[in-house]
Amino acid sequence: IEEQGSEPVIPPRRNRHAARAYDRELYKQRHKIEFFFNRIKHYRRVASRYEKTARNYLAMIHIACIRLWSAF
């Protein structure tokens, strides 16, 4: 990853002999985003892409987001 000019975000395993450096704050932000996408996939219409048009699919994503954010 570093050879390609990117920065590692996922922490190394604990049993790894040579510890690799990573950005903890960036990992926390990445985790929030991935958690959010996993929560959206619980809505069947979004996960299975039930809607045929992009406009309707985006509307369902908006509805799912509103429902998720209003729950917190």
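What you see is a predicted model, and the numbers here were worked out from it, not measured in a lab.
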Problem - Inter- and intrachain pairs under salt bridge (charged side-chain N to carboxylate O under 4.0 Å, His left out), touching residues 46-63, at least two apart - result: Arg45-Glu51
Handout entry: salt bridge (charged side-chain N to carboxylate O under 4.0 Å, His left out): pairs with one or both residues in residues 25-37, sequence neighbours excluded
Key = Glu25-Lys28, Arg30-Glu34
Exercise for the section: Following the transitive rule for hydrophobic clusters with a side-chain heavy-atom cut-off under 4.5 Å over Ile, Leu, Val, Met, Phe, Trp and Tyr, establish whether Leu58 and Met60 coincide in one cluster. Expected result: no
Handout entry: Same apolar cluster: Tyr50 and Tyr57, side chain cutoff 4.5 Å
Key = no
Handout entry: Connected-component partners of Phe37 among ILVMFWY, side-chain separation under 4.5 Å
Key = Ile33
Fill in the blank from the handout: side-chain contact (heavy atoms from CB on, under 4.5 Å) filter on Ile40, not counting sequence neighbours, yields Phe36, Val46, Cys65, Leu68
Problem - side-chain hydrogen bond (donor to acceptor under 3.5 Å, both in side chains) involving Thr53 - partner list, sequence neighbours excluded - result: Asn56
Fill in the blank from the handout: dist Phe35:CZ -> Arg39:CZ (nearest 0.5 Å) comes out at 5.0 Å
